[in-house]
Amino acid sequence: MEKVQPRTLSGFMELLPNEQILFNQMKETIQKTYERYGFLPLDTPIIESAEVLLAKAGGETEKQMYRFKKGDADLALRFDLTVPLAKYVAKNYGNLSFPFRRYQIGKVYRGERAQKGRYREFYQCDIDVIGDGELDLINDAEMPSIIYSLIKELGFDDFTIKINNRKILNGLFEGLNQKENSTEILRVIDKLEKIGKDAVVEELKKLDVKEEQIKAIMDFIEIEGTSNEKLEKLENLGINNETYQKGVEELKSVINNVRLFGVPEENFQVDLTIARGLDYYTGTVYETFLNNYRELGSVCSGGRYENLAEYYTDKKLPGVGISIGLTRLFYKLNELNIIKAEKKSISDILIIPITEDLKEPIKLATELRKIGINTEVYLNNKKLKAKFKYADKLEIPYVIVIGDDEIKAKKIKLKNMKSGEEKEVNMDAEEIVKYIQ
RNA sequence: GUGAGUAUAGCGUAGCUGGUUAACGCGCCAGUUUGUGGCACUGGAGACCCUGGGUUCGAAUCCCAGUACUCACCCCA
């Protein structure tokens, strides 16, 4: 029979068991951290009506969205988790308590060309706080504290959460009469670290920004110093634009409150070049960098938006949120050998029966599972040697052999696969647990 | 969407100045060791060399097309 080539589409991540175990651990760490801050779980469909998902879309988003017909229905795969959240909040407005704090961890889809660390299907891990009508600025200051806990929990100490406010840049552009160009200019500024100062100037020239305006922009983003020094310089720049001043005020307040939430000074800073690609942010924006691995780019980003669900409801729903691209993060950490997929099995014990009667082995396995020990029974009729080899290959730490002798004596030998030692123990789950680490 | 590269056992690769049994490592199976894995040795299975066409006495090897994948740009997580 002719076989179909077993293949996985470009841009779709598929892992081996040892990698998947590690991936799941990271996912669980993120979930636990989000829950510790009181965020509620949410799961929305991967497929939604194209009309819903494309309500506000345009340009790149629309081009990259997977869209298809099923019968007469015009459907699409979700592009991110924010749009489904907007729909959800608008739809369930009456049944939710505000401020609504939710987390969502799920796959999203983007039909673009895959490349290193860029996938067509990937996990996003989002949290957002949505206010009804308004949302106090202090929520913007809580986000960095959550990022701080999260990155710590993921095992990193040396990282910096960079904080900025879009109003500052937008106000600056307004003052320079570059409002129409602001999105393009922001994109260019965002590339500063990647392409360098001179290239940024070149790019700005291409956007027809005038010489003295370029100078003003460059002078601005090159403001140096500690967070407090930067804030002071921003205030003393003599820019009278209202949006700008509001931005500086907000940023100052957020920075002060981030301290209140206990984020150590070395883990956050004002960075005026953080602009984020997404243009729906309207205030505070965050990016997080691992200082020893700057090449990873931001590992956790987010920001404040004025009106989450304007395309679905007249209710004004401002929010602030952050997102981790787990698939990319995992891929890159793995590639750089920062994390290692070592566990090949999640079993603590493999029970190897060498008797026709499986009653006792299964009974023991059930008892062990009841007290929380991951237990697997080898259920194939192979030679004993092959059964041990299986435990060895999967690096299952303990093996129990149960044959007729053991059943008769009600004693088993618990073998530590790493040391090779065997210990005779009563055939009793509670007893056995005492000898495993 | 634009540009470049790659395609050979399950995996990673060699072979690519065309020459008849396509090689190596890992993995897999079996044995040395019939209630004990790792190590070692011995043996074995496994490949329409991406697909289609062309050049040639002869193609994994050269040419063309298609497809897939990878990388970069764009954009982004």
Side-chain angles (χ1 to χ4, degrees), chain A residues 1-14 16 30 58-65 78-82 105-126 183-184 186-188 190-191 194-195 199 203 275-280 286-289 296-303 321-333 335 344-345 350-355 378 382-407 412-422:
Chain A
M1 194 174 91
E2 182 133 353
K3 301 292 187 238
V4 175
Q5 277 290 326
R7 59 193 181 86
T8 303
L9 261 24
S10 165
F12 288 74
M13 179 184 268
E14 214 169 49
L16 289 170
I30 294 168
E60 219 57 40
T61 308
E62 193 158 352
K63 268 190 253 164
Q64 294 182 2
M65 193 170 289
R78 64 188 181 198
F79 181 86
D80 64 14
L81 299 177
T82 307
I105 297 173
K107 285 175 171 176
V108 301
Y109 298 82
R110 296 189 187 178
E112 56 183 333
R113 221 40 102 61
Q115 58 182 285
K116 215 179 180 71
R118 177 215 262 181
Y119 290 85
R120 288 173 166 166
E121 176 189 68
F122 58 94
Y123 275 93
Q124 282 194 328
C125 311
D126 283 24
T183 304
E184 283 76 13
L186 282 174
R187 288 223 169 94
V188 174
D190 208 41
K191 286 195 239 175
K194 191 175 172 188
I195 65 177
E203 295 271 322
R276 303 268 45 238
L278 291 170
D279 40 51
Y280 57 74
Y286 323 94
E287 295 210 332
T288 311
F289 294 88
L296 258 66
S298 174
V299 297
C300 180
S301 325
I322 56 170
S323 178
I324 293 186
L326 177 57
T327 304
R328 177 181 283 181
L329 179 63
F330 177 84
Y331 168 81
K332 291 196 169 180
L333 293 177
E335 193 204 18
K344 292 175 182 155
S345 167
L350 176 72
I351 293 179
I352 298 179
I354 38 171
T355 164
Y378 195 100
K382 286 269 175 94
K383 287 187 176 161
L384 184 59
K385 187 177 167 134
K387 296 175 180 175
F388 267 90
K389 200 164 182 172
Y390 174 82
D392 185 54
K393 294 205 57 152
L394 290 189
E395 292 170 12
I396 299 172
Y398 292 92
V399 165
I400 291 171
V401 176
I402 299 185
D404 296 329
D405 297 346
E406 283 80 5
I407 293 171
I412 54 92
K413 280 200 181 114
L414 178 70
K415 177 159 182 166
N416 180 326
M417 289 297 283
K418 206 166 174 191
S419 67
E421 282 170 55
E422 284 192 356

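Lettering of chains follows the sequences in order, A, B, ..., and the numbering in each one begins at 1. Basis for what follows: all heavy atoms, side chains included, without hydrogens, waters or symmetry-related copies.
- When every heavy atom of R120(A) is checked against every heavy atom of A114(A), the shortest pair comes out as NE-N, 4.2 Å.
- A pairwise comparison of heavy atoms in Y378(A) and P353(A) identifies O-CD, 3.2 Å as the closest pair.
- Taking only distance into account, the side chain of R7(A) never meets the base of rC69(B) through a donor-acceptor pair shorter than 3.5 Å.
- When side chains are defined from C-beta on, F122(A) counts as touching V108(A), because their heavy atoms get closer than 4.5 Å.
- Per the geometry, CZ belonging to R120(A) stands 18 Å off P belonging to rC76(B), to the nearest Å.
- A distance of about 15 Å separates the P atoms of rU55(B) and rC63(B), rounded to the whole Å.
- Contact check for I195(A) versus E203(A): side-chain heavy atoms found under the 4.5 Å cut-off.
- Between the CG atom of L16(A) and the C1' atom of rG12(B) there is a distance of 13 Å, given to the nearest Å.
- Residue S10(A) places none of its side-chain N or O atoms closer than 4.0 Å to OP1 or OP2 of rA68(B).
- At least one side-chain heavy atom of Q124(A) sits under 4.5 Å from a side-chain heavy atom of D80(A).
- Straight-line distance from the CD atom of E62(A) to the C1' atom of rC75(B): 15 Å, rounded to whole Å.
- Closest heavy-atom contact between L394(A) and S345(A): O-CB, 3.3 Å.
- The minimum heavy-atom distance between L350(A) and A391(A), with the atom names listed, is CD2-CB, 3.6 Å.
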Scan nucleotides 26-37 of chain B against the protein and return all N/O pairs shorter than 3.5 Å with their distances rounded to 0.1 Å.
| unit_1 | atom_1 | unit_2 | atom_2 | d |
| --- | --- | --- | --- | --- |
| rG27(B) | O3' | K393(A) | NZ | 2.8 |
| rC28(B) | OP1 | K393(A) | NZ | 2.1 |
| rG31(B) | OP1 | K383(A) | NZ | 2.2 |
| rG35(B) | O6 | D405(A) | OD2 | 3.0 |
| rG35(B) | N1 | E406(A) | OE1 | 3.0 |
| rG35(B) | N1 | E406(A) | OE2 | 2.9 |
| rG35(B) | N2 | E406(A) | OE2 | 2.5 |
| rU36(B) | O2 | K415(A) | NZ | 2.9 |
| rU36(B) | O2 | E422(A) | OE2 | 3.3 |
| rU36(B) | N3 | E422(A) | OE2 | 2.7 |
| rG37(B) | O2' | D392(A) | OD2 | 3.2 |
| rG37(B) | N7 | K415(A) | NZ | 3.2 |
| rG37(B) | O6 | K415(A) | NZ | 3.4 |
| rG37(B) | N1 | M417(A) | O | 2.5 |
| rG37(B) | N2 | D392(A) | OD1 | 3.0 |
| rG37(B) | N2 | M417(A) | O | 2.7 |
| rG37(B) | N3 | D392(A) | OD1 | 3.3 |

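- Sequence order on RNA chain B of the closest nucleotides to S323(A) and Y331(A) puts Y331(A) first from the 5' end.
- Rounded to whole Å, the distance from CD1 on I396(A) to C1' on rG38(B) is 14 Å.
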#### Entry: Paired and unpaired positions of RNA chain B as dot-bracket, Watson-Crick or G-U wobble under 3.5 Å, | denoting a partner strand
(((((((..((((.....[...)))).(((((.......))))).....(((((..]....))))))))))))....
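- rA30(B) and rG15(B) have their C1' atoms separated by 30 Å, given to the nearest Å.
- For Y119(A) and rA77(B), the ring-to-base geometry does not satisfy the stacking test (centroid distance below 5.5 Å, interplanar angle below 30°).
- Look at K194(A) and you'll find a side-chain N or O under 4.0 angstrom from OP1 or OP2 of rC73(B).
- Comparing Q5(A) and Q64(A) by the nucleotide of RNA chain B that holds the closest heavy atom to each, the one mapping nearer the 5' end is Q5(A).
- Inter-residue side-chain proximity for K63(A) and T61(A) is flagged as unmet; no heavy-atom pair is nearer than 4.5 Å.
- Counting any heavy atom pair closer than 4.0 Å across all strands shown, G117(A) reaches a base atom.
- Between F12(A) and Y109(A), the ring-plane angle classifies as tilted under the 30° and 60° cut-offs.
- For M13(A) and rA77(B), the CE to C1' distance is 12 Å, given to the nearest whole Å.
- Looking at heavy atoms from C-beta onward, L296(A) lies in side-chain contact with L329(A) at the 4.5 angstrom threshold.
- As rounded to the nearest Å, rG18(B) and rA59(B) have C1' atoms that lie 6 Å from one another.
- Contacts of Y123(A) with the nucleic acid, taken as non-hydrogen atoms under 4.0 Å apart, are absent.
- Rounded to a whole angstrom, the distance from the C1' atom of rG66(B) to that of rA7(B) is 13 Å.
- One can place CD of E184(A) at 16 Å from C1' of rC76(B), the figure rounded to the nearest angstrom.
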### Task
Could you encode protein contacts along nucleotides 1-8 of chain B as a string, one character per nucleotide from 5' to 3', using B for base contact, S for sugar-phosphate-only contact and - for no contact, with a heavy-atom cut-off of under 4.0 Å?
BBB-----
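- Minimum heavy-atom separation, L326(A) to C125(A): CB-SG, 3.8 Å.
- Residue contacts shown for L9(A) are limited to sugar-phosphate atoms, with no base heavy atom under 4.0 Å away.
- With rounding to whole Å, F79(A) atom CZ is found 10 Å from rA77(B) atom C1'.
- With a 4.5 Å cut-off on side-chain heavy atoms, K116(A) and E335(A) count as touching.
- Between rC29(B) and rA65(B), the two C1' atoms lie 42 Å apart (nearest whole Å).
- Taking atom C1' on both nucleotides, rU13(B) is separated from rG54(B) by 30 Å, rounded to a whole Å.
- One atom, CD of E335(A), and another, C1' of rC71(B), lie 12 Å apart when rounded to the nearest Å.
- Distance noted for atom C1' between rU34(B) and rA23(B): 37 Å (whole Å).
- Rounded to whole Å, the separation between the C1' atoms of rC39(B) and rU20(B) comes to 41 Å.
- Nearest heavy-atom pair across K382(A) and K387(A) is O-CE, 3.2 Å.
- The shortest distance between the side-chain N/O atoms of Q115(A) and the OP1/OP2 oxygens of rC71(B) is not below 4.0 Å.
- R78(A) places a side-chain N or O within donor-acceptor distance of the main-chain N or O of K107(A), the cut-off being under 3.5 Å.
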